[in-house]
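Please read these numbers as outputs of a predicted model, since none were measured by experiment. The figures here come from the full heavy-atom set of this structure, side chains too, leaving out hydrogens, waters and symmetry mates.
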Amino acid sequence: MPRFLKDFLNRNGTGPGLVMLGLVLFWTVGLIILPQLSMLDFSFRPNLPPPEMGGPKDVYTLENYKYLVYGPEGGSQAYNAVDLMVFFRTLVAAVCVTVFNLVLCYPIAYYLGQTKGNHIRVLALMLIIPYWINEILRAFALRIIFGETGVLNTILTGAGLFDTPFDFIRNDYALYAGLGYAYILLMIFPIYNVIESLDHNQIEAARDLGAPWWRIHWRVVIPYAKPGISSGCTMVFMLSAGALAAPQILGGPSSLWFTQLIYQQFNDSSDWPQGAAYAVVLLVTCVLLVLGAMRLFKVNMGDIGK
């Protein structure tokens, strides 16, 4: 038996330890690995009616992946410009949402982590309570707020800033705000958990030595908070790129999300192999982007797991 496993069982007891390991194994293998492998298998198969599945025509093929790049055979364009544009726009938007959340949440996490007092608990509770409401209901509430007759337009037109209501939904402002709001806690609390353990004396020492506030954060706080920042950015980026409810509810007519294409392939077109291929491409691309960003910013997997 590996030493780390023996130590784990000694700390937690043989019975409870085996139960916890079994649950983790079931979660990892049964709910993550096996479904992904099944989807990968689907992505290499042709779209056949049920009676022909498993027959001589059911052979592995790359046609589903070629369709994403080149589109249907005999099409008027050399490349599948629509789907590729939606794919890249989704990734760029997910990056923008991640950066927006980081800029917004870092000061909040720093304040929560480095300020003492009971009001911090109240502030943390105020951040958590809105998430007791279902994500779908929150998205519809944001649609009401950003609608042409919504609260925001009423305030702006009443203050004379706009003569006519501004269409926040058609211009995708509501979508990006909704995605940023949906995952704000996933950015705040990983950073907060790290900054809370930072010795405040280090910040005071840097301040006593004459360092400006931006240098204190750049040289002291941010390097220390790198595990929390990398964990929060990873979760927000992956979930933003794979979001479906917010784009469906808050997106304008021209703001098609790549997950909506996947949904259409699975449900509207009943083309599960094509939808699986699109899902695999999105998953692999997001993982590669995250690994590339980790390498660029010199973050290892252990930092994210802290």
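N64 and Y278 form no side-chain donor-acceptor contact under 3.5 Å, judged by distance and modelled atom types alone. Residues S240 and Y183 have side chains that never bring a donor and an acceptor to within less than 3.5 angstrom of each other.
I32 is not connected to L25 by any chain of hydrophobic side-chain contacts under 4.5 Å among Ile, Leu, Val, Met, Phe, Trp and Tyr, and they are in different clusters. By the criterion of side-chain heavy atoms lying less than 4.5 angstrom apart, applied directly or through intervening Ile, Leu, Val, Met, Phe, Trp or Tyr residues, V194 is grouped together with W218 in one hydrophobic cluster. Hydrophobic cluster membership differs between M20 and F26, with clusters built from Ile, Leu, Val, Met, Phe, Trp and Tyr side chains linked at under 4.5 angstrom.
V151 meets the side chain to side chain contact (heavy atoms under 4.5 Å, CB included) test with I155; sequence neighbours excluded. Not a single salt bridge (Lys or Arg N to Asp or Glu O under 4.0 Å) links E148 to another residue, sequence neighbours left out. Listed by chain and residue number, S269, D271, Q274 satisfy the side chain to side chain contact (heavy atoms under 4.5 Å, CB included) test with Q265 (two or more places apart in sequence, or in another chain). In terms of the side chain to side chain contact (heavy atoms under 4.5 Å, CB included) criterion, residue partners of T28 (sequence neighbours excluded) are, by chain and number, V24, I33. Taking the salt bridge (Lys or Arg N to Asp or Glu O under 4.0 Å) definition, one finds that R170 meets it with D167, sequence neighbours left out. Every residue two or more places apart in sequence or in another chain was checked for a salt bridge (Lys or Arg N to Asp or Glu O under 4.0 Å) with R89, and none qualifies. Contacts of P223 classified as side chain to side chain contact (heavy atoms under 4.5 Å, CB included), with partners at least two apart in sequence or in another chain: none.
The salt bridge (charged side-chain N to carboxylate O under 4.0 Å, His left out) analysis of residues 19-45, with sequence neighbours excluded, yields the pairs D41-R45, R45-D58. Applying the side chain to side chain donor-acceptor pair (under 3.5 Å) test to pairs two or more places apart or on separate chains, those with a residue in residues 204-213 are H200-E204, E204-R207. For residues 151-179, every residue pair satisfying the ring pair (Phe, Tyr, Trp, His ring centres under 6.0 Å) rule, not counting sequence neighbours, is listed here: F146-F168, F162-F166, F166-F168, F166-Y173. Every pair passing side chain to side chain donor-acceptor pair (under 3.5 Å) that includes a residue from residues 93-112 is listed here, sequence neighbours excluded: Y106-H217, Y111-H119.
Closest heavy-atom contact between L198 and Q114: O-NE2, 3.2 Å. Residues I169 and A174 come closest through the heavy atom pair CG1-CB, 4.0 Å. Residues I136 and A245 approach most closely at CD1-CB, 3.5 Å, considering heavy atoms. Minimum interatomic distance between G30 and P35 (heavy atoms only, all atoms of both residues): O-CD, 3.4 Å. Contact record, L179 with A246: CD2-CB, 3.7 Å, taken as the closest heavy-atom pair. Between L102 and P107, the closest heavy-atom pair is O-CD, 4.5 Å.
Around the CZ atom of F42, the shell of radius 6.0 Å holds no more than 12 heavy atoms that belong to other residues, nucleotides or ligands. Summarising the local packing, OH of Y224 is surrounded by more than 12 heavy atoms from other residues, nucleotides or ligands at distances under 6.0 Å. Other residues, nucleotides and ligands contribute over 12 non-hydrogen atoms within 6.0 Å of the CG atom of N10.
Contact check for W257 versus V86: no side-chain heavy atoms found under the 4.5 Å cut-off. For the pair C233/M187, a side-chain contact is recorded, criterion being any heavy-atom separation below 4.5 Å from C-beta on. Here the side chains of S230 and F297 are not in contact, with every heavy-atom distance at 4.5 Å or above. Proximity of I229 to I222: side-chain heavy atoms (C-beta onward) are separated by under 4.5 Å at one or more points. Side-chain contact between L112 and I195 is absent, with no heavy-atom pair separated by less than 4.5 Å. You'll find the side chain of D83 reaches within 4.5 Å of the side chain of L261, heavy atoms only. Considering only heavy atoms from C-beta on, L127 comes within 4.5 Å of L185 through its side chain. For the pair W272/N47, no side-chain contact is recorded, criterion being any heavy-atom separation below 4.5 Å from C-beta on.
The backbone N or O of Y67 lies less than 3.5 Å from a partner atom in the side chain of N80, making a donor-acceptor pair. Looking at T154, its side chain does come within 3.5 Å of a backbone N or O of G150 through a donor-acceptor pair. Proximity of a side-chain donor or acceptor of S231 to a complementary backbone N or O of G228 within less than 3.5 Å is not detected.
When hydrophobic side chains of Ile, Leu, Val, Met, Phe, Trp and Tyr are connected at separations under 4.5 Å, V19 ends up clustered with L23.
One finds the CD1 atom of I184 at 4.0 Å from the SG atom of C105 (value rounded to the nearest 0.5 Å). Taking CZ from F237 and CG from L186, the interatomic distance works out to 15.0 Å, rounded to the nearest 0.5 Å. Atom CG of L175 and atom CD1 of I249 lie 11.0 Å apart (nearest 0.5 Å). Interatomic distance, I203 CD1 to I216 CD1, rounded to the nearest 0.5 Å: 7.5 Å.
No close placement of the F258 and F88 rings is indicated, their centers lying 6.0 Å or farther apart. Aromatic ring centres of Y181 and Y131: separated by under 6.0 Å.
In summary, R138 and E135 do not engage in a salt bridge, as defined by a charged side-chain N under 4.0 Å from a carboxylate O.
Residue T285 forms a side-chain contact (heavy atoms from CB on, under 4.5 Å) with just one option from V287, V281, L283, and that option is V281.
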